[in-house]
Amino acid sequence: MEAQLSDVEAGRRFYGELFGWTFGQTGEDGESDEGSGGSGDAGDSASGPERPKEPGKAGDPGRAERPGKAGRPGEPQQPGTSLRAYLEGEPVAALVRKTDGRMPTVWSVYFHTPDARALAERIRAGGGQVVTPPHPVGELGTAALAADPEGAVFALWEPGGHRGFGRRHEPGAFAWAELYTRDTEAANAFYGDLFHDALFGPDADPDFGRAPVSDVFPAEMPPHFLVHFLVRDVEAALGTVARLGGRVRVPPFETSYGRAAVVSDGQGASFALLQR
């Protein structure tokens, strides 16, 4: 899971205070040294790393997870252009400087795969598009950028040295990814073909949902993924977002997976806050 930002340092200040993240700089070799951050006043904390799961779940680039869980691929970065975010010493996300100002300022969702090239071919066969073919990201792993048949953009990650999330489903960490689409049945068919067992199998426990875009956003909004971060108190977290220069895009609303609100940081990258 990765935020593409124009100002990585501003992102460090915003997310460090909101979620209590600390940061380490990542260079071309993929090495990262944990550095300084902040602690939020929204009551966010976490405990206990989670064990690796099977391929396909969504999240921070490179975690070995089961398909259908929810994280855009990064080119190898020059030192100082990428920060890995940590919660109590465990990786939870990355902030990456945009190399082209025309690129969108976004949070991107990654899906783990043991074979990025094979999955890219299946995406094409299912009517999707491979925007950026699989490519190495230093020694961290292999990434690719894709879009589903309706144009919702997501990324693939084949782990190398970086396996991804150390914490999830805890305050201050990734909790859910929702695909807002115009055709949920078509989305179920497309992603179900890619990640069937994780989404629909007997032992499925996905953290990736699909909903009509008009449920929350104007009907003209393009289909897209929305990353959710867990917080203890949505209202308190909204206050912190506003104080830090962010904006409330959609006030709190009830979902089947908790109480959520859509916000953006001071640079315009949108994400959701989720209170279970």
Side-chain angles (χ1 to χ4, degrees), residues 1-2 4 53-73 104 106-135 141-159 164-165 168 174-228 255-257 260 262 270-272:
M1 189 168 56
E2 186 174 275
Q4 300 278 333
K53 294 188 167 45
E54 303 91 65
K57 290 203 173 184
D60 177 30
R63 177 181 165 97
E65 300 166 7
R66 189 168 59 243
K69 292 257 181 179
R72 173 176 165 174
V106 294
W107 273 99
S108 300
V109 175
Y110 282 82
F111 289 92
H112 168 271
T113 174
D115 189 335
R117 296 187 183 281
L119 188 56
E121 290 304 316
R122 292 175 59 198
I123 288 169
R124 291 190 184 98
Q129 178 184 3
V130 177
V131 181
T132 303
H135 60 278
T142 299
L145 186 66
D148 68 19
E150 287 198 348
V153 176
F154 60 98
L156 309 179
W157 185 260
E158 179 183 333
F165 283 139
R168 55 193 289 140
F174 167 83
W176 188 262
E178 189 78 353
L179 170 63
Y180 286 99
T181 180
R182 293 196 175 93
D183 188 338
T184 54
E185 291 188 7
N188 283 342
F190 177 77
Y191 292 99
D193 179 65
L194 297 180
F195 308 122
H196 181 272
D197 287 347
L199 291 174
F200 306 115
D203 298 321
D205 183 23
D207 49 20
F208 162 37
R210 284 76 60 206
V213 68
S214 56
D215 278 4
V216 175
F217 301 98
E220 60 270 20
M221 174 73 76
H224 64 283
F225 282 89
L226 184 66
V227 173
H228 292 55
T255 75
S256 61
Y257 47 88
V262 183
S270 293
F271 58 97

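The chain is numbered in sequence order, starting from 1.
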Open item on the list: Using a 3.5 Å distance criterion without hydrogens, assess whether the side chain of H135 forms a donor-acceptor pair with backbone atoms of A143.
Closed with: yes
TODO: Could you label the plane-to-plane angle of the Y257 and W176 rings as parallel, tilted or perpendicular, counting under 30° as parallel and over 60° as perpendicular?
DONE: parallel
Task: Heavy-atom check, side chain of V106 versus side chain of V153, under 4.5 Å - done: no
TODO: Anything under 30° is parallel, anything over 60° is perpendicular, the rest tilted; go ahead and classify F225 against Y191.
DONE: perpendicular
TODO: Could you walk me through whether L199 and F208 pass side chain to side chain contact (heavy atoms under 4.5 Å, CB included), step by step?
DONE: CA-CA 8 Å; L199 291 174; F208 162 37; 3.8 Å; yes
TODO: Would you check if Y180 and V216 make a side-chain contact, meaning some heavy-atom pair closer than 4.5 Å?
DONE: yes
Task: L156 vs I123, side chain to side chain contact (heavy atoms under 4.5 Å, CB included): CA-CA, chis, key distance, verdict - done: CA-CA 11 Å; L156 309 179; I123 288 169; 3.9 Å; yes
Task: Minimum-distance pair of heavy atoms, taken over all atoms of T142 and P134 - done: CG2-CB, 3.9 Å
Task: Whether D197 side chain and G201 backbone form a donor-acceptor pair below 3.5 Å - done: no
Task: Side-chain heavy-atom pair Q129, R124 within 4.5 angstrom cut-off - done: no
Open item on the list: Has R122 got a side-chain atom pairing as donor or acceptor with D193's backbone, closer than 3.5 angstrom?
Closed with: yes
Open item on the list: Looking at every heavy atom in both L179 and A187, which two are closest together, and how far apart are they?
Closed with: CD2-CB, 3.9 Å
Open item on the list: To the closest 0.5 Å, what do you measure between OG (S214) and CZ (R182)?
Closed with: 9.0 Å
TODO: Using distance alone, with no hydrogens and no angle criterion, decide if E150 and T181 have a side-chain donor and acceptor under 3.5 Å apart.
DONE: yes
Task: Rounded distance (nearest 0.5 Å) linking atom CZ of R210 with atom OG1 of T184 - done: 8.5 Å
Task: From CA spacing to verdict: side chain to side chain contact (heavy atoms under 4.5 Å, CB included), V227, F174 - done: CA-CA 7 Å; V227 173; F174 167 83; 4.1 Å; yes
Task: Closest non-hydrogen atom pair, L226 against A272 - done: CD2-CB, 3.8 Å
Task: Straight-line distance of S108 OG to Q4 CD, nearest 0.5 Å - done: 5.5 Å
Task: Test item: W107 and E2 side chains (from C-beta on) under 4.5 Å apart, heavy atoms - done: no
Open item on the list: To check you understand the geometry: which heavy-atom pair defines the closest contact between F195 and H112, and what is its length?
Closed with: CE2-O, 4.4 Å
Task: Check: F190 and P149 side chains under 4.5 Å, non-hydrogen atoms - done: yes
Open item on the list: Looking at every non-hydrogen atom in both residues, tell me the closest pair between A211 and D215 and how far apart they are.
Closed with: CB-OD2, 4.2 Å
Open item on the list: Evaluate F111 against L119 for side chain to side chain contact (heavy atoms under 4.5 Å, CB included), listing each step before the verdict.
Closed with: CA-CA 10 Å; F111 289 92; L119 188 56; 5.6 Å; no
TODO: Please answer whether the main-chain N or O of G141 pairs with a side-chain N or O of E158 as donor and acceptor at a distance below 3.5 Å.
DONE: no
